[in-house]
2 protein chains.
Amino acid sequence: MPAHKKKLSEKIDLGGGHRMTPQRQVVYDVLMSSRDHPTATEVFIRVQEKMSSISLATVYNCLDTLAVAGIVKQVNLDREPSRYCGNLAPHAHFHCETCATVMDIDLKDGVEPSSSVKLPRGAKIQKVEVEVRGKCPECVRTEKKKDTL
Amino acid sequence: MPAHKKKLSEKIDLGGGHRMTPQRQVVYDVLMSSRDHPTATEVFIRVQEKMSSISLATVYNCLDTLAVAGIVKQVNLDREPSRYCGNLAPHAHFHCETCATVMDIDLKDGVEPSSSVKLPRGAKIQKVEVEVRGKCPECVRTEKKKDTL
DNA sequence: TTTTTATCAAGAACTATTCTAAATAATATT
DNA sequence: AATATTATTTAGAATAGTTCTTGATAAAAA
């Protein structure tokens, strides 16, 4: 189709002949309005409030399509269920072992995340993931409060 | 039991009242003599050569016990099957997306792996995992060779 | 010896995820 | 517009990795 015949559209292009369907849009919207890192099932529950007929399989399909299209990120921490995240900026994740929250943590400007390791000579690096586990500030505070009681 | 009555033993102490059984010893030996990062099923296959009667469930149990005891490491990369590793020194992992090999990579001396991220103020850090994905030197070489043919 | 506790094995159960197949819908082609 | 093509949705089945259950066995403690 010649370029001058293309219809204007506000819809996000997913590439590869993929369409921005109502289901994908709702899944996308839910993710973009989430600051936590919901699992597929959690996304499903939130999506159902807006579109009760959607199935879990479709949510999985949508999340996968959006992730492959590169407009959301799939986050895997250990062998827990995959979580999804609309924050496309490079960042790391903090996982609280007490309250199970996953939060984004920013990278320090100008410091490559790979700078702490001896990369194999000749390897082609595609991505570097940094995952921090521990106790989040809130849980540390809560625990200290208990101690002084 | 008073200390002077304790029997001497060369067996590794697993702590928590756990015993170093023949099964655990074989699993442990297999891991210590592996430089790759076998999955539970791969460990099972190797262990079977020495102890054909062992079950996969027992291998899982042993790996878990050894990991909890802290004498082997469980390595989780994305949502792939867990891998196990006898290298207890702090290190990161390189995962080749072409040949699926997982190799240890050393940390640079004096550079904390967490130094590239803005840790949440007040958080208690338990561990930091660095995972590098890409193409290993060998696969890069193989690919280049193909190009020039 | 008796009691307690830990371990093993086989298979069932579980969970997250992917696959299958049929129905539906959107787009492209005629 | 009508038809053909391709993409999507859905429900449920299937899969893979792992954990759980149970009864039998074995080691250690009393």
Side-chain angles (χ1 to χ4, degrees), chain A residues 1-3 5-9 11-28 37-45 47-48 50-69 74-84 100, chain B residues 1-9 11-28 37-45 47-48 50-69 74-84 100 102:
Chain A
M1 178 197 274
K5 278 203 170 175
K6 270 189 195 155
K7 283 184 200 150
L8 291 180
S9 165
K11 285 178 187 168
I12 294 169
D13 182 30
L14 301 180
H18 293 302
R19 304 164 191 155
M20 181 50 98
T21 65
Q23 287 84 349
R24 286 173 183 166
Q25 187 70 54
V26 176
V27 168
Y28 181 69
H37 294 69
T39 63
T41 306
E42 286 163 351
V43 171
F44 175 55
I45 290 167
V47 164
Q48 274 188 312
K50 303 181 182 183
M51 187 185 272
S52 58
S53 65
I54 200 170
S55 75
L56 178 57
T58 297
V59 170
Y60 269 105
N61 287 340
C62 293
L63 288 170
D64 184 61
T65 305
L66 297 173
V68 168
Q74 185 181 35
V75 179
N76 295 308
L77 303 177
D78 285 5
R79 288 197 47 77
E80 294 168 24
S82 288
R83 296 163 178 278
Y84 296 85
Chain B
M1 179 198 274
H4 67 278
K5 278 203 173 178
K6 270 189 194 156
K7 285 186 200 148
L8 290 180
S9 166
K11 284 178 186 166
I12 295 170
D13 183 30
L14 301 179
H18 293 302
R19 304 162 191 158
M20 180 50 98
T21 65
Q23 286 85 350
R24 286 174 183 165
Q25 187 71 53
V26 176
V27 168
Y28 180 69
H37 294 68
T39 63
T41 307
E42 285 162 351
V43 171
F44 175 54
I45 290 167
V47 163
Q48 274 188 311
K50 304 181 180 183
M51 187 185 270
S52 58
S53 65
I54 201 170
S55 76
L56 177 58
T58 298
V59 171
Y60 269 106
N61 287 340
C62 292
L63 288 169
D64 183 61
T65 305
L66 296 173
V68 168
Q74 185 181 37
V75 179
N76 295 307
L77 303 177
D78 285 3
R79 289 197 48 75
E80 294 168 24
S82 288
R83 296 163 179 278
Y84 296 85
V102 174

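Just so it is clear: chains get the letters A, B, ... in the order the sequence lines come, proteins before strands, and each one is counted from 1.
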(request) Please confirm whether the backbone N or O of A:Arg19 pairs with a side-chain atom of A:Arg24, one donor and one acceptor, at under 3.5 Å? (result) yes
(request) Sugar-phosphate means primed atoms, P, OP1 and OP2; the rest is base. With that split, encode nucleotides 9-16 of chain C 5' to 3' as B, S or - using protein heavy atoms under 4.0 Å. (result) BBB----S
(message) Using side-chain heavy atoms (C-beta onward) and a distance below 4.5 Å, is A:Ile54 in contact with A:Val26?
(response) no
(request) Considering non-hydrogen atoms only, spot the tightest contact between A:Phe44 and A:Leu56 and give its length. (result) CE1-N, 3.4 Å
(request) Spell out, as yes or no, whether a donor-acceptor pair under 3.5 Å connects the side chain of A:Gln25 to the backbone of A:Pro22. (result) no
(request) Would you mind reading off the distance between A:Gln25 atom CD and D:dT9 atom P, rounded to a whole angstrom? (result) 12 Å
(message) In whole Å, I'd like the distance from the NE2 atom of B:His18 to the C1' atom of D:dA27.
(response) 15 Å
(message) Does D:dT9 have OP1 or OP2 under 4.0 Å away from a side-chain N or O of A:Thr21?
(response) yes
(request) Figure out the CG/P separation between B:Leu14 and D:dA27, and round it to whole Å. (result) 16 Å
(request) Round to a whole Å and report the spacing from CE of B:Met20 to P of D:dA27. (result) 15 Å
(request) May I have the distance from B:Phe44 (atom CZ) to C:dC8 (atom P), rounded to whole angstrom? (result) 14 Å
(message) Tell me the interatomic distance from B:Asp78, atom CG, to D:dG17, atom P, rounded to whole angstroms.
(response) 15 Å
(message) Strictly distance-based, threshold 3.5 Å: is any side-chain N or O of B:His37 a donor or acceptor partner for the main-chain N or O of B:Val102?
(response) yes
(request) Take atom CG of A:Asp64 and atom P of D:dT8, then tell me their distance rounded to the nearest Å. (result) 11 Å
(message) Holding to side chain to side chain contact (heavy atoms under 4.5 Å, CB included), I want the full list of residues that pass it with A:Ser82, two or more places apart in sequence or in another chain.
(response) A:Gln74, A:Asn76, A:Tyr84, B:Arg79
(message) What is the distance, to the nearest angstrom, from the CZ atom on A:Arg19 to the C1' atom on D:dT9?
(response) 11 Å
